[in-house]
Each structure stands twice: as structure tokens, then as C-alpha cells.
A.B. asks: 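Questions regarding the structure given below will be posed in turn.
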Amino acid sequence: MSYLNVVPVDLHQAQRWRIRSMVKTISICGGGPAGLALARSLSGKGLDICVIERQNHESLSSPPPDGREIALTYRSMAALKELGAWNRIPSDEAYSLAEAQVFDGQSPLALAFDPQGGKAARLGSLVSNHHIRRSLFESVSERSDIHLMTGRSVTGVVTDNRSARVTLDDEQVLDSDLVVAADSRFSAVRGMLGIPARMHRLGKSMLVGRVAIEIDHGHVATEWFDHGQTLALLPLGPGQASAVVTLADGEAERLATLSPEAQGAELTRRYHGRFGAMTMAGPLHRYPLTTAYAQHFAGTRAALVGDAAVGMHPVTAHGFNLGLASTQRLSKLVTSALRRSGDPGSAMMLRRYEMGHRAESWPLYRATNMIVSLYTDDRPISRSLRKAGLRAARMPMARHLVSHLLMQEA
């Protein structure tokens, strides 16, 4: 096995080490799903790959439930299979998503999405975030060319045409051919690279938690844009679902601090008893909502993937899927660059990554934000536009386009 280029701060010595080793190295800053997926995808290509994560090893290897249920498209499920992660997820923890319905408040008019109108097919699967993280960790930990550096923080990044140098909190330097920021939508590494981002703090929080329900969900995901709140119910096992409630920060904090009994009663009221009495089957987790879109997805010997590149609003459930797609794209381009020039951080490759991921992400990001703006505006003109939009979207051509937006397939 080749060794990782962990070198002293002396940059002349670092350069001599690189010449001596002749091994191409990639430093991935962030050990979340995007960082781990990228590392696993690049494994076996003759690279030394380092993943730096500030969480300790136990938190990374055995992540606790965080309330988030990820709606995986077929494209994402196929990617996880290729990464050796899908078969590590318990089969009874992957829940079928047969259909999705969108409502405007109490209106009976629904916009429904099913796979080509079929009854046997499904849109995708719902899997808990912590199961995905654990399965990716296990697939990565088996690879001898991937070096996990847990409990470590990045304190500085300097890149030039020859190398990318990542300084850690103990003053060690990783001398690499490419550095990748995969450290969340609030990415510190993105800032160290000098790449600005459009950050939009929404003043709202998303509350998520598992609930027991009395009325069957039929494997249908349902979303309501209601006055002052957005509600969603994601189907899990029989009699069990994930409740997703978006409220103003203060109201969300109040609901999060109630007793489980009081939370169940309030959720039953907010959902207007559509699923009978709702009782908490787990804790209610609160996540303040912030969207992010980086001005650039690449720089000199640097790239951004996952939420560090695009932090989506959760309303279309595409944040994870888009992030995974970014790692697939970058991995394929790095592999191609290695074959052509032997340089995994070439400027041409990074320009192609920038253009490709922007072309995929920008329309989805803008459309999602437009949906959120329209359906969370309670002015009369907006309510009229919503009703007109729902009617128009039920037309076959419009329905196909919106369905592609909400649940893209491979």
C-alpha cells in the first residue's frame, strides 16, 4: 500500500516528498455521506485518499438516529449499490415510496405523482439518514487506499498550480493533488478557498420525527402547504410514518420542547386528524433552515461536493440525491483525467465538473426556491396563483415536467 502524504509544514520538504512518492493524493474535507461516497467511488484508482472529519471515530462508525428520512431516487439507489453500501442497509429499513401528493392548505385538489401512472412500480425508497451514513462508513473502512482521519479539523487550505495543501489542527499538512470540500452547507473549507456562496437563512425550522398513526398511509408521501406551516407525512412501516413540520423558528422551538404526549396531540391537531391520532415513536428533531449555493463549484486544485456546493431546501427532497450526483460526476471526471494526463486535479477536469454540476443543480435549485416562495406566501394573490398552478400542473405535459423535478429517475 502506498503511503499518505502527511508532511511537515516545510513546503520544500513537502515538494521533495511528492516527487519521491509519485502517488497522486486527494484530500476530502468532511466525512458525511458526500465525502464518504466520493472516497469510496475513487477507491481502486491508484490514488491515496484521505478523509478528514472532526467527529470522532465512534460517531462516524455508529451514527445515532437524527430523525431524517431520505427519499432516494432510483439513480441514488443504483449509486449506493455500486458503492457497496446499499446491501448493508437492513432490508426492512428501506420503505417503499409508491406515490407523492401535494396539497394547498385544506383544498381537496391534489397534485399526485406516481411512476408513469403504474400501480406496481414505485418512485423510490425512504431510508433513515443514519443507516445511509453507517453503510457508507462500512464500505469505506474496508478500503486500504482510504485513510480516515477522525477527530481532526482543517485550519487552513492553500492551493496553487502544483498542489493543494491542507493544514490540520495539529499543524500537520496534507500535500495533495486535489482538495475537496464536503463539509456541509456552512462549509469552512469553502471559505478558506475564497469561494463565496449565496446563503439564505429562512427564519424557519424543520421538525422531524417518527410517529405512530391510526389510518394507513398506503405508501404515499403527502405534503400540505398550509397557512403559517408546511406539513409532510413520509410513509414508513405499517402504522408508522415520519412527520415533517416547518414552522417559524420560535414556534418550532416551542413545539420541540413539549412532552412527547403534548407533541403527539399537537401534531394530530395540525394534521387535522387525517391519519387519526398521532403519537410520538421517537424524539422530535429540530433543524433551522438555510439554503446555500456556491458561486463556484471548483477552483485551483479544489472542488466542492454535496451541501458545500448546493444546500437545498428540503421541500423537493432532493438535497441528498443532488449531493450524491455531484460525487458521481466528480469521480468519473477524476478517473478520466487520470487516464488522460495522470493529474486528478487538472484545470480542464475541474472546469468540466463546474459546468456539469451547475447545469444540473441550478434549474432544480431555482425551481425549488420558487415553489417555496409561492406556497409559503399567504397573500390572497399568492393563494389564487397556487390554485391556478395546481390545476395547470395536472395537465399531462406539465405534470411530467414537475414529476421529473420532484422525483428524478436514472
Side-chain angles (χ1 to χ4, degrees), residues 2-31 34-35 37-39 41-43 45-53 145-147 149 152-168 172-183 187-197 294-306 308-310 326-358:
S2 58
Y3 53 81
L4 179 69
N5 292 331
V6 179
V7 302
V9 179
D10 183 336
L11 298 183
H12 293 292
Q13 184 175 346
Q15 186 63 24
R16 287 198 299 272
W17 193 320
R18 285 169 55 80
I19 293 172
R20 187 165 66 247
S21 74
M22 301 299 291
V23 175
K24 301 301 181 182
T25 64
I26 294 180
S27 294
I28 300 172
C29 305
L38 178 62
S41 184
L42 291 171
S43 180
K45 305 296 194 299
L47 298 163
D48 265 341
I49 305 160
C50 179
V51 179
I52 309 118
E53 170 56 46
D145 55 354
I146 300 176
H147 310 267
M149 302 183 71
R152 309 292 291 279
S153 297
V154 175
T155 59
V157 180
V158 177
T159 68
D160 57 33
N161 291 331
R162 295 183 301 178
S163 66
R165 293 176 292 277
V166 179
T167 304
L168 304 183
Q172 284 185 316
V173 173
L174 305 183
D175 191 48
S176 311
D177 297 278
L178 175 67
V179 60
V180 181
D183 57 337
S187 174
V189 174
R190 183 181 63 212
M192 295 172 192
L193 291 168
I195 300 177
Q295 184 170 316
H296 301 289
F297 299 151
T300 303
R301 294 201 173 275
L304 277 58
V305 298
V310 183
S326 71
T327 67
Q328 290 181 288
R329 172 173 282 108
L330 183 59
S331 175
K332 290 177 181 177
L333 289 171
V334 166
T335 302
S336 179
L338 283 170
R339 288 196 301 264
R340 289 197 313 270
S341 66
D343 184 1
S346 72
M348 180 179 295
M349 180 278 294
L350 289 166
R351 282 196 295 271
R352 291 179 65 191
Y353 171 70
E354 166 90 32
M355 293 173 61
H357 193 44
R358 190 169 299 279

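Here the structure is a predicted model, which is why all the values come from computation and not from measurement.
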A.B. asks: Could you tell me whether the side chain of Gln295 and the main chain of Pro196 form a donor-acceptor pair under 3.5 Å?
C.D. replies: no
A.B. asks: Do the side chains of Asp183 and Arg190 get close enough for a salt bridge, i.e. N-O under 4.0 angstrom?
C.D. replies: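 Salt bridge absent between Asp183 and Arg190.
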A.B. asks: Heavy atoms only: give me the nearest Gly30-Glu53 pair and the separation to one decimal.
C.D. replies: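 So the two residues come closest at C-OE1, 3.6 Å.
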A.B. asks: Report the distance from atom CG of Leu178 to atom CE of Met349, rounding to the nearest 0.5 Å.
C.D. replies: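 If we round to the nearest 0.5 Å, Leu178:CG and Met349:CE are 5.5 Å apart.
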A.B. asks: Check whether any side-chain heavy atom of Ser27 sits under 4.5 Å from a side-chain heavy atom of Ile52, and report yes or no.
C.D. replies: yes
A.B. asks: Search all heavy atoms of His296 against all heavy atoms of Ile195 and return the closest pair with its distance.
C.D. replies: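 So the two residues come closest at O-CG2, 3.4 Å.
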A.B. asks: As an exercise, state the distance from CG of Leu38 to OG of Ser326, rounded to the nearest 0.5 Å.
C.D. replies: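 Here the rounded value is 8.0 Å.
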A.B. asks: Can you check whether Thr300's main-chain N or O pairs, donor with acceptor, with Thr159's side chain at less than 3.5 Å?
C.D. replies: yes
A.B. asks: On a heavy-atom basis, which atom in Ile26 and which in Pro344 lie closest, and how many Å separate them?
C.D. replies: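 Heavy atoms of Ile26 and Pro344 come nearest at CD1-CB, 4.3 Å.
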A.B. asks: What side-chain hydrogen bond (donor to acceptor under 3.5 Å, both in side chains) pairs are there with at least one residue in residues 341-353, not counting sequence neighbours?
C.D. replies: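 Every pair satisfying side-chain hydrogen bond (donor to acceptor under 3.5 Å, both in side chains) with a residue in residues 341-353: Arg301-Asp343.
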A.B. asks: List the atom of Leu304, the atom of Ala309, and the distance in Å for their closest heavy-atom pair.
C.D. replies: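 Residues Leu304 and Ala309, closest heavy atoms: O-CB, 3.7 Å.
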A.B. asks: Identify the two heavy atoms, one from Ala39 and one from Ile49, that lie closest to each other, and give their separation to 0.1 Å.
C.D. replies: O-CD1, 3.7 Å
A.B. asks: Does atom CG of Asp160 have more than 12 heavy-atom neighbours, drawn from other residues, nucleotides or ligands, at distances under 6.0 Å?
C.D. replies: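 Counting other residues, nucleotides and ligands, CG of Asp160 exceeds 12 neighbours.
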A.B. asks: Let me confirm one number: the CG-CD1 distance from Leu47 to Ile146, rounded to the nearest 0.5 Å.
C.D. replies: 10.0 Å
A.B. asks: When you look at Val334 and Lys45, which way does the side-chain contact (heavy atoms from CB on, under 4.5 Å) test go after all the steps?
C.D. replies: CA-CA 9 Å; Val334 166; Lys45 305 296 194 299; over 6 Å; no
A.B. asks: Does any non-hydrogen side-chain atom of Val173 lie less than 4.5 Å from one of Val166?
C.D. replies: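 Result no, sub-4.5 Å side-chain heavy-atom pair not found.
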A.B. asks: What distance separates Ile28 CD1 from Thr327 OG1, expressed to the nearest 0.5 Å?
C.D. replies: 9.5 Å
A.B. asks: Rounded to the nearest 0.5 Å, how far does CZ of Arg152 lie from CG of Leu174?
C.D. replies: 8.0 Å
A.B. asks: What distance do Thr155 atom OG1 and Gln172 atom CD have between them, rounded to the nearest 0.5 Å?
C.D. replies: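 With rounding to 0.5 Å, OG1 (Thr155) is 11.0 Å from CD (Gln172).
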A.B. asks: Where do Ala308 and Ala181 come nearest, in terms of heavy atoms and distance?
C.D. replies: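 Reported closest heavy-atom pair: CB-O, 3.6 Å.
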A.B. asks: Can you list every pair that meets salt bridge (charged side-chain N to carboxylate O under 4.0 Å, His left out) and has a residue in residues 328-340, with sequence neighbours left out?
C.D. replies: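 Every pair satisfying salt bridge (charged side-chain N to carboxylate O under 4.0 Å, His left out) with a residue in residues 328-340: Arg329-Glu360.
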